[in-house]
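Comments concern the structure below.
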Amino acid sequence: MKGIYKFNFDNVLKDKIGETGISVDEIDELRDFTNLAKANVTKKYEKGDLGFIEVLNEDLEIYEEVKELSKEFDYIIIIGIGGSILGSKAIHQGIYGSSNTYHPKVFYLDNSDPEKIYETLKAVKLEKTLIFVISKSGNTVETLANYFVIKKHMDKNNITPAKPNFVAITGGGLLQKIADKEGYMCYKVPENVGGRFSVLSAVGLAPLACLNVDIHNLVKGAKKMNDICQTDNIFRNPALLNSLIHYKMDNTGKKISLMMPYIGRLHQFGMWYRQLWAESLGKDGNGQTPVIALGATDQHSQLQLYMDGPEDKIMTFLKVNTFKQDYSIETDYDSDLKGHKLSELINSEQLGTEKSITEKGIPNVKITLSELNEYTLGMLTYAYELQTAYSGELFCINAFNQPAVEHAKKLSHAVLKGSIKEKSYNEIKIE
Ligand SMILES: O=P(O)(O)OC[C@H]1O[C@](O)(CO)[C@@H](O)[C@@H]1O
């Protein structure tokens with residue numbers, strides 16, 4: 001399986017968008033700065049700190065066992081949150097869309113919302129459901145709570161599948177203890193693989209292998225991108241170049257990184273990017289807020305703001321040249337649409353939007369995939385992981401921890417235990 005990945009950066013250059021842009025010379029003059037960032041990432045990798053790069057060389061045969069097991073089941077439930085589930089959702093939707101009409105049907109429990117469990121239990125037959133419980137720390141309350149509720153429901157209703165139907169993917173904590181005691185099939189999350197960087201580790205590959213995603217081509221695409229990004233020539237290194245572009249734009253007040261795919265199958269990819277970019281770079285007062293919009297749909301809800309609101313955005317268009325299906329627009333009425341295909345319409349809307357925001361001087365880059373398959377999606381996913389690692393170096397921050405989140409978790413635990421009470425608020429009460 002092959003595919004072409006094009007990274008177009010015309011529309012961040014001064015000669016296209018004026019003074020808010022950067023020039024090729026400026027990029028070239030920053031060669032020492034960007035190569036130092038790249039060298040630091042290489043150093044971290046050589047020190048064994050960057051598991052998201054190491055996993056590219058993992059033996060994928062280890063997923064044959066769970067893939068075989070999954071053939072006994074008609075449904076898959078993935079229990080996780082953040083990087084433990086967003087990657088699988090992004091890749092699965094990227095390949096199969098969101099129709100869930102394929103076998104096995106997949107359901108995601110990624111919140112502590114009781115109604116979501118209720119709806120999921122109504123949709124599946126648990127005796128025919130393979131359940132992944134995924135948590136790198138093994139202690140995330142939402143994930144454990146969902147597991148406990150499902151497990152209790154099975155025990156209470158004497159639901160005993162023909163084969164063991166729980167698979168744990170974890171780095172330790174309580175989930176590891178549960179997996180050991182219950183004898184669950186278990187895949188390890190290596191310590192040096194950060195949660196939001198874990199989609200190409202067992203966290204993503206084990207469930208995706210069971211969802212008929214070609215994980216070999218997914219990793220092949222990622223490895224291709226890794227090979228491409230070995231070069232110090234920034235004009236041939238899309239991850240490094242996009243990292244510098246976003247760094248420079250951040251410094252000129254573009255505090256929002258807006259990603260706008262023009263294909264529905266990349267919307268969840270945007271949600272994965274949202275965590276990767278926000279949780280990696282949102283530290284010490286730094287950070288570009290990632291926002292996801294879907295083209296062409298959100299031209300009709302957000303574009304007015306993007307065009308005429310604050311000039312605080314750098315936009316990234318994602319598009320494909322070939323869709324899996326296409327339709328001709330045929331009508332007897334007098335319309336410009338006549339004789340065109342829907343793919344031509346959506347891509348003309350992308351180009352029209354791109355040209356209009358470029359005329360407004362709003363910086364934007366475009367990533368074009370010849371088609372959206374496991375190979376090109378592997379390239380895209382890995383490009384953003386590497387770009388984020390480079391960006392941590394450019395911003396001089398640790399892109400691999402999330403200290404601020406830990407505090408909120410402690411307070412939530414304290415509320416749950418009753419040691420923090422909800423105080424009365426000034427409020428408007430409407431009976
Ligand atoms: O995989 P775990 O340990 O359950 O964590 C889930 C998510 O929660 C976070 O730790 C933030 O709370 C993310 O970094 C992580 O992806």
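As the structure lists them, so they are numbered: ligands from 1, and atoms in each ligand from 1. All values below come from the heavy atoms of this structure, side chains included, with hydrogens, waters and symmetry mates left out. Counting begins at 1 with the first residue of the sequence.
Protein heavy atom at the shortest distance from atom 1 (O) of ligand 1 is Ser84 OG, 2.6 Å.
If you number the atoms of ligand 1 from 1 as listed, the ones under 4.0 Å from a heavy atom of Ser137 come out as 2 (P), 3 (O), 4 (O). Within the listing of ligand 1, atoms 13 (C), 14 (O), 15 (C), 16 (O) sit less than 4.0 angstrom from a heavy atom of Gln275. Interface atoms of ligand 1 facing Thr140, defined by a heavy-atom separation under 4.0 Å, are 2 (P), 3 (O), 4 (O), 5 (O).
Contacts of Lys136 with ligand 1, taken as heavy-atom pairs under 4.0 Å, involve both backbone and side chain. Of the heavy atoms in Ile81, both backbone and side-chain atoms come closer than 4.0 Å to ligand 1.
The aromatic rings of Phe197 and Phe52 sit tilted relative to each other, their planes meeting at an angle between 30° and 60°. In this structure, Tyr384 and Phe269 have perpendicular ring planes: the angle between them is above 60°, well past the 30° mark. Phe317 and Tyr262 have tilted rings, their planes meeting at an angle from 30° to 60° on a 0 to 90° scale.
Between Gly83 and ligand 1, a contact under 3.5 Å exists for at least one N or O pair.
Salt-bridge formation is not detected for the pair Asp74/Lys105: no Lys NZ or Arg NE/NH1/NH2 atom is positioned less than 4.0 Å from an Asp or Glu carboxylate oxygen.
By the 4.5 Å heavy-atom criterion applied to side chains, Thr140 and Ile81 are counted as neighbours.
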